Amino acid sequence: MALSGALFRGAVGRGVGAVFLLGNRSMSSWWSNVEPAAKDPILGVTEAFLADQSPDKVNVGVGAYRDDNGKPVVLECVREAERRIAGNQNMEYLPMGGSLKFIEETLKLAYGGNSEFIKDRRIAAVQALSGTGACRLFADFQRRFQPDSQIYIPVPTWSNHHNIWRDAQVPQRTFHYYHPESKGLDFASLIDDVKNAPNGSFFLLHACAHNPTGVDPSEEQWKEISYQFKVKNHFAFFDMAYQGFASGDPEKDAKAIRIFLDDGHLIGCAQSYAKNMGLYGQRIGCLSILCEDELQAVAVKSQLQQIARPMYSNPPVHGALVVSTILGDPELKNLWLQEVKVMADRIIGMRTALRESLEKLGSTLPWEHITNQIGMFCFSGMTPQQVDRLTSEFHIYMTRNGRISMAGVTTGNVGYLANAIHEVTKSG
Ligand code: KET
């Protein structure tokens with residue numbers, strides 16, 4: 001191995017040398033035009049956190065669940081699925097579209113266990129590289145088959161949405177979503193934007209637990225949004241990265257999608273098991289597109305596969321096995337549902353703890369939004385400058401838009417966090 005590695009490097013070295021002689025270039029000139037990329041606003045926070053040597057440091061940046069000791073969690077249902085899988089399966093390639101068993105179980109979560117669309121085989125679905133990969137696959141598909149379309153993205157949104165549709169070369173527009181003063185939904189402006197967009201526009205919607213704001217439309221508001229989409233013949237693409245994290249119940253968290261389905265929309269949906277099964281690093285998710293009939297679904301799926309093939313050929317097998325083992329066994333599925341609820345409840349508990357701690361410290365600012373918002377994040381309203389102070393003075397790491405990942409708050413650090421927030425916000 002080591003020897004062939006050395007030979008390989010040698011061969012490359014000679015190749016470059018030849019280019020050097022022929023082209024009269026210095027070796028370093030090939031990439032001298034490359035500037036360092038800007039740090040990612042979310043994953044860059046993790047990098048900075050890891051580099052900090054302080055024993056006090058706290059990471060409430062990335063949306064990754066931690067237990068009350070601040071440790072990453074592997075769910076018990078996942079451990080059990082892995083025990084069952086171990087040694088039992090081969091490691092052959094999956095089909096380009098991924099595991100059929102995995103897709104079948106995954107669609108039930110989004111579309112409902114008894115969905116007529118599943119029975120009628122009207123959903124084109126492929127296993128994707130988690131939620132990010134599902135969004136990217138959709139964006140590429142949109143670009144290929146609706147080349148003149150744009151995507152309407154909420155303000156604010158998960159920062160990577162912008163990167164995804166940018167790299168897929170789909171022009172982006174925005175629509176109103178969050179109201180900074182009320183720290184709630186700007187429903188009137190949202191509806192105006194829906195009405196004012198050209199007929200047949202593509203909209204990106206967070207199915208539940210909106211990131212970063214923690215603000216979701218109510219059921220009534222979703223119905224109104226769905227109605228207006230119908231009037232305008234807009235396409236709804238749901239990014240569902242947090243199913244189960246809003247209410248603690250994945251079924252309830254699919255409410256927005258079900259409303260759109262009831263209203264007869266042909267939706268698209270990105271699903272991820274990163275958060276709700278804690279399978280972050282397994283990169284396991286699903287892209288689905290509801291079609292008019294089975295024939296169309298077959299065609300759409302074949303095209304999605306054709307987009308996947310030159311990018312990564314076919315998706316990884318392990319996460320798909322874990323998920324289908326869990327969801328395919330009623331007992332394990334039940335255990336999963338309980339564990340999702342435990343995670344959601346711990347976060348809700350930390351919201352209360354953070355708010356109470358701030359109020360006890362005598363903060364005169366309003367903090368109800370900490371407990372009003374739902375899902376993994378609290379959109380605190382802190383300014384980038386206040387966040388910078390949290391980091392430089394208190395070693396607290398979070399995104400500069402003021403988002404706190406409540407999943408990283410624990411009984412042990414909530415007092416420290418509250419105190420620091422109070423310190424940087426009390427002078428306005
Ligand atoms: N959609 C949304 C809304 C989202 O917040 C994330 C991840 C994803 C999709 C993709 O997750 P995946 O691991 O590809 O299934 N958000 C967290 C992590 C990240 O930025 O990658 C976060 O916002 O911290």
Side-chain angles (χ1 to χ4, degrees), residues 38-49 59-66 72 98 102 106 109-110 126-139 151 153-165 167-168 177-178 203-216 236-246 250 253 256-257 268-288 311-312 315-316 319-320 322-323 343 347 373-380 387 397-409:
K39 282 220 180 303
D40 185 83
I42 299 173
L43 300 185
V45 173
T46 308
E47 286 171 26
F49 170 79
N59 188 4
V60 285
V62 70
Y65 184 78
R66 302 282 180 262
F102 162 83
T106 300
L109 289 184
V126 293
Q127 183 184 326
L129 304 184
S130 213
T132 308
C135 287
R136 179 60 198 267
L137 214 50
F138 179 78
I151 184 86
I153 293 182
V155 180
T157 194
W158 178 48
S159 50
N160 211 22
H161 282 147
H162 295 291
N163 305 332
I164 289 169
W165 270 269
D167 279 8
Y177 189 84
Y178 182 72
F203 276 73
L204 169 78
L205 301 170
H206 296 229
C208 63
H210 182 275
N211 175 12
T213 67
V215 173
D216 284 353
F237 181 72
F238 286 96
D239 182 2
M240 184 154 62
Y242 299 93
Q243 187 176 12
F245 267 95
D253 287 358
I257 287 181
C269 182
Q271 289 170 261
S272 165
Y273 289 101
K275 329 278 171 162
N276 61 9
M277 268 189 204
L279 295 175
Y280 305 90
Q282 294 295 345
R283 314 310 297 144
I284 180 72
C286 182
L287 167 65
S288 59
M311 275 204 286
Y312 55 85
V322 171
V323 173
M343 290 193 284
I347 291 175
Q373 295 169 351
I374 55 173
M376 251 194 193
F377 303 109
C378 162
F379 205 45
S380 67
V387 173
Y397 289 82
M398 53 186 272
T399 54
R400 292 188 81 230
N401 60 2
R403 184 188 86 166
I404 300 168
S405 174
M406 294 306 299
V409 183

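This is a predicted model, so every value here is computed, not measured. Order of listing sets the numbers, starting from 1, for every ligand and every atom in it. In this chain, residues are counted from 1 in sequence order.
When the options Val322, Leu129, Val323 are evaluated for a side chain to side chain contact (heavy atoms under 4.5 Å, CB included) with Ile284, the one that passes is Val323. Exactly one residue among Ile42, Asn401, Leu43 makes a side chain to side chain contact (heavy atoms under 4.5 Å, CB included) with Ser159. That residue is Ile42.
Contact analysis leaves Tyr273 out of contact with ligand 1, as no non-hydrogen atom separation drops below 4.0 angstrom.
Nearest non-hydrogen protein atom to atom 18 (C) of ligand 1 is Lys275 NZ, 3.6 Å. Counting protein heavy atoms only, atom 3 (C) of ligand 1 is closest to Asp239 OD2, 3.4 Å. Nearest protein heavy-atom neighbour of atom 13 (O) of ligand 1: Arg283 NH1, 2.9 Å. Protein heavy atom at the shortest distance from atom 8 (C) of ligand 1 is Trp158 CH2, 3.4 Å. Of all protein heavy atoms, the one closest to atom 11 (O) of ligand 1 is Thr132 OG1, 3.9 Å.
Nearest-heavy-atom check against atom 15 (O) of ligand 1 across Ala270, Ala128, Ser130, Cys208 picks out Ser130.
Between Pro156 and Tyr178, the shortest heavy-atom contact is CD-CB, 3.6 Å. Heavy-atom minimum distance, Phe237 versus Cys269: CE1-N, 3.7 Å. Considering every non-hydrogen atom in both Val62 and Asn59, the closest pair reads N-OD1, 4.1 Å.
In this structure, Tyr242 and Asp253 have side chains that are not in contact, with every pair of non-hydrogen atoms separated by 4.5 Å or more. Inter-residue side-chain proximity for Arg66 and Pro72 is flagged as met; some heavy-atom pair is nearer than 4.5 Å. Considering only heavy atoms from C-beta on, Tyr280 comes within 4.5 Å of Lys275 through its side chain.
Near Val62, meaning under 4.0 Å from any of its heavy atoms, are these atoms of ligand 1: 18 (C), 24 (O). Each of the following atoms of ligand 1 lies closer than 4.0 Å to a heavy atom of Gly63: 22 (C), 24 (O). Heavy-atom proximity to Arg403, at under 4.0 Å, picks out these atoms of ligand 1: 22 (C), 23 (O), 24 (O). Taking every heavy atom of Ala274 and a limit of under 4.0 angstrom, the matching atoms of ligand 1 come to 13 (O), 15 (O).
Here's the thing with His206: none of its N/O atoms is less than 3.5 angstrom from an N/O atom of ligand 1. Inclusion of Tyr280 in the set of residues having an N or O under 3.5 Å from an N or O of ligand 1 is not warranted. Checking only distances, Gly131 does come within under 3.5 Å of ligand 1, N or O to N or O.
Side-chain contact check for Tyr177 and Thr157: no donor-acceptor pair (N or O, by modelled atom type) lies under 3.5 Å.
In Met240, neither the side chain nor the backbone holds a heavy atom less than 4.0 Å from any atom of ligand 1.
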Derivation and outcome, side-chain contact (heavy atoms from CB on, under 4.5 Å), residues Thr213 and Gln373: CA-CA 7 Å; Thr213 67; Gln373 295 169 351; 5.6 Å; no
